[in-house]
Chemist: 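Quick one: the structure is below, questions incoming.
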Number of protein chains: 2
Amino acid sequence: MARTRHRSLDCSPGCAVEATLQLIDGKWKGVILYHLLAEAPEDSLRFNALRRRMPNVTQRMLTNQLRELEADGFLHRTVYAEVPPRVEYRLTALGRSLEPVIRALKAWGDAHAMSAPEADAA
Amino acid sequence: MARTRHRSLDCSPGCAVEATLQLIDGKWKGVILYHLLAEAPEDSLRFNALRRRMPNVTQRMLTNQLRELEADGFLHRTVYAEVPPRVEYRLTALGRSLEPVIRALKAWGDAHAMSAPEADAA
DNA sequence: CGGTATCCGCAGTGATACTG
DNA sequence: CAGTATCACTGCGGATACCG
């Protein structure tokens with residue numbers, strides 16, 4: 001289910017661009033990666049810690065996106081079989097390799113401070 | 001219609017990342033920008049020239065994505081009222097400002113040569 | 001705490017045919 | 001050549017309720 005979403009690429013030269021885009025696409029992937037990179041470079045974040053950083057994501061979607069990122073090898077999910085269940089998410093090396101991409105994305109967004117795309121044109 | 005797609009952002013710190021992502025999302029935006037950047041840094045590309053570079057895009061979608069990119073101020077559309085209609089697409093300054101992003105995307109995709117995400121892990 | 005399961009609407013995308 | 005119009009499907013993503 002987590003693996004259905006990759007639309008078949010056409011793969012002209014621009015293929016790599018689209019391929020990467022599709023991996024970090026999904027309404028929350030970018031933010032998740034961002035938080036994992038920003039707040040815990042080599043640390044882990046618990047499920048609810050992630051939720052706190054993304055107030056508008058539903059449990060379903062967070063789980064979903066997390067699972068997809070895991071399936072794509074970007075993060076590792078560790079379940080601690082304790083009494084109060086604890087699950088931690090940590091970036092893999094592959095996940096951390098996305099840092100330049102996320103940073104570029106963030107840099108651009110910051111630079112062009114887009115609050116209201118419709119009101120811009122600047 | 002081209003303006004409905006921007007999903008409302010939640011805008012935690014990671015906002016900028018998501019915002020940028022949403023602008024270049026859409027199945028073909030990335031590739032279009034890539035080609036416009038790669039093949040014509042300050043040149044224009046005609047509609048069919050673009051199509052030739054993206055064999056799998058339908059006319060409808062190319063037009064659609066092009067229009068959204070235009071609406072977002074990333075490219076400029078010039079119509080030459082000639083006998084055989086000619087329409088050229090050229091990146092705006094804003095569009096060109098996305099170069100680092102596209103390059104990061106491309107670099108990552110190339111580096112991790114993703115043909116089969118499931119078969120990698122390298 | 002950290003999920004799953006289910007139902008559902010709608011945007012995004014495709015296919016095809018027609019047009020200035 | 002460069003679109004536009006129409007029809008229809010698919011699956012993303014939201015809401016809500018329940019579970020180990």
Side-chain angles (χ1 to χ4, degrees), chain A residues 1-10 18 21-32 44-72 75-90 117-118, chain B residues 1-10 18 21-32 35-36 44-72 75-90:
Chain A
M1 195 167 291
R3 322 266 46 259
T4 325
R5 76 214 142 74
H6 293 160
R7 312 140 169 173
S8 57
L9 298 172
D10 74 326
E18 259 302 313
L21 225 29
Q22 292 187 19
L23 286 173
I24 59 182
D25 183 31
K27 194 166 179 180
W28 309 97
K29 304 274 197 72
V31 210
I32 293 176
S44 339
L45 277 180
R46 299 185 55 168
F47 188 81
N48 279 343
L50 240 13
R51 280 192 83 183
R52 245 170 279 122
R53 285 162 175 76
M54 302 183 288
N56 294 319
V57 71
T58 60
Q59 218 159 17
R60 181 175 124 74
M61 278 316 290
L62 183 53
T63 304
N64 191 343
Q65 304 280 288
L66 245 12
R67 288 287 147 76
E68 291 193 0
L69 288 171
E70 186 191 7
D72 283 332
L75 52 82
H76 187 61
R77 179 167 174 267
T78 315
V79 183
Y80 295 88
E82 303 172 354
V83 185
R86 180 162 52 112
V87 179
E88 301 205 328
Y89 294 91
R90 181 176 46 77
E118 6 275 281
Chain B
M1 196 166 291
R3 322 266 48 256
T4 326
R5 75 214 144 71
H6 294 159
R7 313 139 167 174
S8 56
L9 298 171
D10 74 328
E18 261 302 314
L21 226 28
Q22 293 186 19
L23 287 173
I24 58 181
D25 183 31
K27 193 165 181 182
W28 309 96
K29 305 274 196 74
V31 210
I32 293 176
H35 287 299
L36 246 18
S44 341
L45 278 179
R46 300 184 54 166
F47 188 80
N48 278 342
L50 241 10
R51 279 190 84 184
R52 245 171 279 121
R53 285 161 176 77
M54 301 183 286
N56 294 318
V57 71
T58 60
Q59 219 159 18
R60 183 176 121 73
M61 278 316 290
L62 183 53
T63 304
N64 191 343
Q65 305 279 287
L66 245 12
R67 289 285 146 79
E68 293 193 1
L69 288 171
E70 186 189 7
D72 284 332
L75 52 82
H76 187 59
R77 181 166 173 267
T78 314
V79 183
Y80 296 87
E82 303 173 353
V83 185
R86 180 163 52 113
V87 179
E88 301 203 330
Y89 294 91
R90 181 176 43 78

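The sequence lines fix the lettering, A, B, ..., with proteins before strands; numbering per chain opens at 1. What you are looking at is a predicted structure, and each value in this text was computed from that prediction instead of being measured.
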Chemist: Please report, rounded to the nearest Å, how far the P atom of dG14(D) is from the CG atom of Asn64(A).
Modeler: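 Atom-to-atom, Asn64(A) to dG14(D), this comes out as 10 Å.
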Chemist: When the distance from CG of Leu62(A) to P of dC1(C) is rounded to whole Å, what number comes out?
Modeler: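 Nearest whole value for this atom pair: 14 Å.
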Chemist: Using heavy atoms to find the nearest nucleotide of DNA chain D for Gln65(A) and Arg51(B) separately, return the residue whose nucleotide is more 5′.
Modeler: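 Looking at DNA chain D, the more 5' nearest nucleotide goes with Arg51(B).
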Chemist: Nearest whole angstrom, please: distance from the C1' of dG12(C) to the CD1 of Ile24(B).
Modeler: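 So the CD1-C1' distance, Ile24(B) to dG12(C), works out to 17 Å.
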Chemist: Take the protein atom CZ of Arg86(B) and the nucleotide atom C1' of dG3(D), then report the distance between them rounded to whole Å.
Modeler: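 Rounded to the whole Å, the gap is 16 Å.
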Chemist: Hey, is the side chain of Arg67(B) poking within less than 4.0 Å of OP1 or OP2 on dT4(D), counting only N and O atoms?
Modeler: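 Yes, because at least one side-chain N or O of Arg67(B) sits under 4.0 Å from OP1 or OP2 of dT4(D).
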Chemist: NA contact type, Tyr80(B), heavy-atom cut-off 4.0 Å: base, sugar-phosphate, or nothing?
Modeler: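 Touches nothing.
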Chemist: Would you confirm whether Arg51(A), through its side chain, and Phe47(A), through its main-chain N or O, come within 3.5 Å as a donor-acceptor pair?
Modeler: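 Pair absent, no side-chain N/O of Arg51(A) close to backbone of Phe47(A).
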Chemist: Measure the distance from CG on Leu21(B) to P on dG13(D) and round it to the nearest whole Å.
Modeler: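 Those two atoms, CG and P, are 11 Å apart.
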Chemist: Distance check needed: dG3(D) P versus Glu68(B) CD, whole Å only.
Modeler: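 The distance from CD of Glu68(B) to P of dG3(D) comes to 15 Å, rounded to the nearest Å.
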Chemist: Starting from P on dA11(C), measure out to CG on Asp25(B) and report it in whole angstrom.
Modeler: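 Those two atoms, CG and P, are 15 Å apart.
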Chemist: What is the distance, rounded to the nearest whole Å, between atom CG of Leu66(B) and atom C1' of dG12(C)?
Modeler: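 Taking CG of Leu66(B) and C1' of dG12(C), I get 17 Å after rounding.
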Chemist: From Leu21(B) CG over to Lys29(B) NZ, what is the distance, rounded to the nearest 0.5 angstrom?
Modeler: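 Separation between the atoms: 11.0 Å.
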Chemist: Contact class for Glu88(B) vs. all strands (heavy atom < 4.0 Å): base, sugar-phosphate, or nothing?
Modeler: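 Contact class for Glu88(B): none.
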Chemist: Five pairs at each end of the helix from dC1(C)-dG20(D) to dG20(C)-dC1(D): take the axis at both ends and give me the angle between them to 10°.
Modeler: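 What I find for the helix from dC1(C)-dG20(D) to dG20(C)-dC1(D) is an axis angle of 60°.
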Chemist: Measure from the side chain of Arg46(A), starting at C-beta and using heavy atoms only, and say which of dT13(C), dT4(C), dG2(C) lies closest.
Modeler: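 Looking only at side-chain atoms, Arg46(A) lies closest to dG2(C).
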Chemist: Protein within reach of the bases, or only the backbone? For nucleotides 14-20 of chain C, mark each nucleotide 5' to 3' as B, S or -, using heavy atoms under 4.0 Å.
Modeler: BB----B
Chemist: Do Glu88(B) and Arg86(B) sit within salt-bridge range, that is, some charged N less than 4.0 Å from a carboxylate O?
Modeler: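 Counted as a salt bridge, because a side-chain N and a carboxylate O are separated by less than 4.0 Å.
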